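Quantities reported herein were computed from a predicted structural model and do not represent experimental measurements. The figures that follow rest on heavy atoms only: side chains count, while hydrogens, waters and symmetry mates do not. Atoms within a ligand are numbered from 1 in the order they appear, just like the ligands themselves.
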Amino acid sequence: MKFFDKESIKFKLWTYFIALSAVIMVLLWLLQTVFLNQFYESMKTNEIKKIGNSLVQQYGKEGFEDLLYTTSLSEGIVIQILDGDGNLVYPLNLIDILRQPRLDYKLFSEFLINLLNSENNHVIYYREDIRFSGPTLVYGAILKNEGSSNYFLYINSILQPVDSTVNVLQKQLIIVTIISLGMGLILSYAIATKLTKPIEEITESAKSLAQGDYNIVFNKGDYTEINNLADTLNYATKELSKTEELRRDLIANVSHDLRTPLTLIKSYGEMIRDISGNNEIKRNSHIKTIIDEADRLTILVNDMMDLSKAQSGLENLGMVSFDIKKTTEDILTRFKYFEDKYGYSFILNSKGEAKVLGDESKIQQVIYNLLSNAVNYSTDMKEITINIEDEGSNVLFQVRDRGVGIPEDQLANIWDRYYKVGKSHKRSISGSGIGLSIVKSILMAHKSEYGVESKLDEGSTFFFKLKKSL
Ligand code: ADP
């Protein structure tokens with residue numbers, strides 16, 4: 001994978017990191033440099049307004065002069081009180097009394113105009129003072145005196161220039177910006193590599209899987225999501241390998257199934273042409289074989305079609321209430337032939353009616369397949385027992401045979417499509433390995449509990465349960 005693949009996790013993560021750092025940096029620059037001056041000024045203005053307003057409130061109370069003194073020292077501001085002509089009333093020392101100091105006329109008139117034009121009882125404004133390099137902040141308010149003329153509170157504060165601070169901050173910010181961008185780059189690369197490594201490994205494994213290597217194992221990583229993905233893929237691989245095995249078995253079985261009757265049909269056809277064409281008895285016997293083999297082929301093809309048919313209608317089951325005992329009796333009439341010709345006996349045990357909820361035609365197919373298997377896998381004991389039992393909310397249906405039984409380690413597999421126990425192929429049993437997978441699909445669609453108990457050489461009992469209908 002190229003690093004500059006714009007769709008890659010690496011590239012995207014890197015972009016997001018850089019974007020995040022950039023946004024934080026821009027915010028810091030704005031706050032610390034552009035707005036620092038404004039921020040400082042408004043802070044200073046508020047501060048001085050608070051001091052001035054509280055002094056106005058304290059005016060006339062005891063200790064006011066001390067308060068003026070401590071405030072001006074602790075806040076680093078100049079506090080003065082003037083009379084109506086701009087003469088200094090506070091602070092005064094002995095020499096000052098003789099000198100009668102007053103505020104510069106221009107300053108005082110500017111102050112008065114500002115104060116009298118103000119809508120509040122105080123005023124705050126900036127003025128350039130040639131004695132300082134920067135501007136000063138002036139606060140003014142009227143100190144009311146009952147009966148005599150008012151005084152004015154006059155506060156001066158220097159605004160420290162913030163330019164030098166801004167300069168230092170800018171230099172620091174440049175360093176922080178470079179470091180954070182560099183770290184963003186390294187960090188995003190590291191995270192992306194750690195994150196994508198297991199994904200890349202999984203991709204490699206998936207490629208092997210695609211090439212048919214079913215032994216591949218998808219490795220887990222450090223993340224739950226990737227572990228889940230690996231688990232799912234491992235599961236999929238297992239299922240795929242199962243399907244693959246079944247497919248191979250199917251081809252082996254089906255091609256055998258197809259080839260044998262086809263060979264027989266062909267050779268008997270040739271025999272009729274070359275030898276028995278004129279001998280009616282032989283010819284009829286040969287034709288019968290051809291018909292039998294054609295029937296066998298038909299059954300095989302029908303089984304395959306049944307499977308896809310059975311699975312296609314399963315989303316829309318036509319659930320009705322029906323008597324499963326009656327349904328079974330109907331199906332048993334179709335097995336009469338086996339009773340008469342081969343000596344099978346079918347025993348149906350049921351107490352009274354057994355009404356269940358289900359798709360009757362699908363359940364008929366289930367029962368038919370189970371009975372066919374019981375017949376097919378019976379040995380000398382040709383006794384097949386059907387039990388229908390009321391279990392309260394469910395009805396239990398069982399088919400028991402005394403046949404070959406199923407080895408324990410194969411019990412779980414017999415429900416798989418195309419699965420045949422032992423894989424050995426007996427000509428006498430024309431199974432295609434599809435019957436039980438149809439049974440399973442139908443019962444699962446009914447959310448029915450089903451299963452089998454079996455002992456080798458003693459027989460098998462297949463069962464399922466359906467909801468009782470009231
Ligand atoms: P088949 O067409 O081969 O019978 P099924 O899907 O019906 O296919 O059954 C799958 C396999 O399960 C059979 O090949 C057989 O080996 C085993 N099986 C099914 N029913 C019975 C049974 N009643 N007794 C013994 N083995 C059975």
Heavy-atom donor-acceptor pair, His446 side chain to Asp359 backbone, under 3.5 Å:
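A pair under 3.5 Å: yes.
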Between Ser448 and Met444, is there a donor-acceptor pair closer than 3.5 Å when you use the side chain of the first and the backbone of the second?
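Not a single qualifying donor-acceptor pair exists.
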Measure from atom 5 (P) of ligand 1 to every heavy atom in Leu456, Leu436, Leu371 and give the option owning the shortest one.
Leu436
Of the listed options Phe462, Tyr377, Trp415, closest to atom 13 (C) of ligand 1 (non-hydrogen atoms)
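When every heavy atom of Phe462, Tyr377, Trp415 is considered, Tyr377 comes closest to atom 13 (C) of ligand 1.
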Report the residues that fulfil salt bridge (Lys or Arg N to Asp or Glu O under 4.0 Å) with Glu449, sequence neighbours left out, ordered by chain and then residue number.
Lys465
Test of understanding: given a 4.0 Å heavy-atom threshold, classify the contact between [X] and ligand 1 as side chain, backbone, both, or neither.
X	value
Asn376	neither
Ile406	side chain
Asp401	side chain

Among Val399, Ile331, Leu332, exactly one meets side-chain contact (heavy atoms from CB on, under 4.5 Å) together with Phe346. Which residue is that?
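The option that passes is Leu332.
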Cation-pi geometry met for Lys382 and Tyr344 (6.0 Å, 45°):
yes
Does Ser460 have a heavy atom less than 4.0 Å from any atom of ligand 1?
yes
How would you list, by chain and number, every residue that makes a side chain to side chain contact (heavy atoms under 4.5 Å, CB included) with Lys50, sequence neighbours excluded?
none
Within a distance under 4.0 Å of any heavy atom of Val404, pick out the atoms of ligand 1 and give their elements.
25 (C)
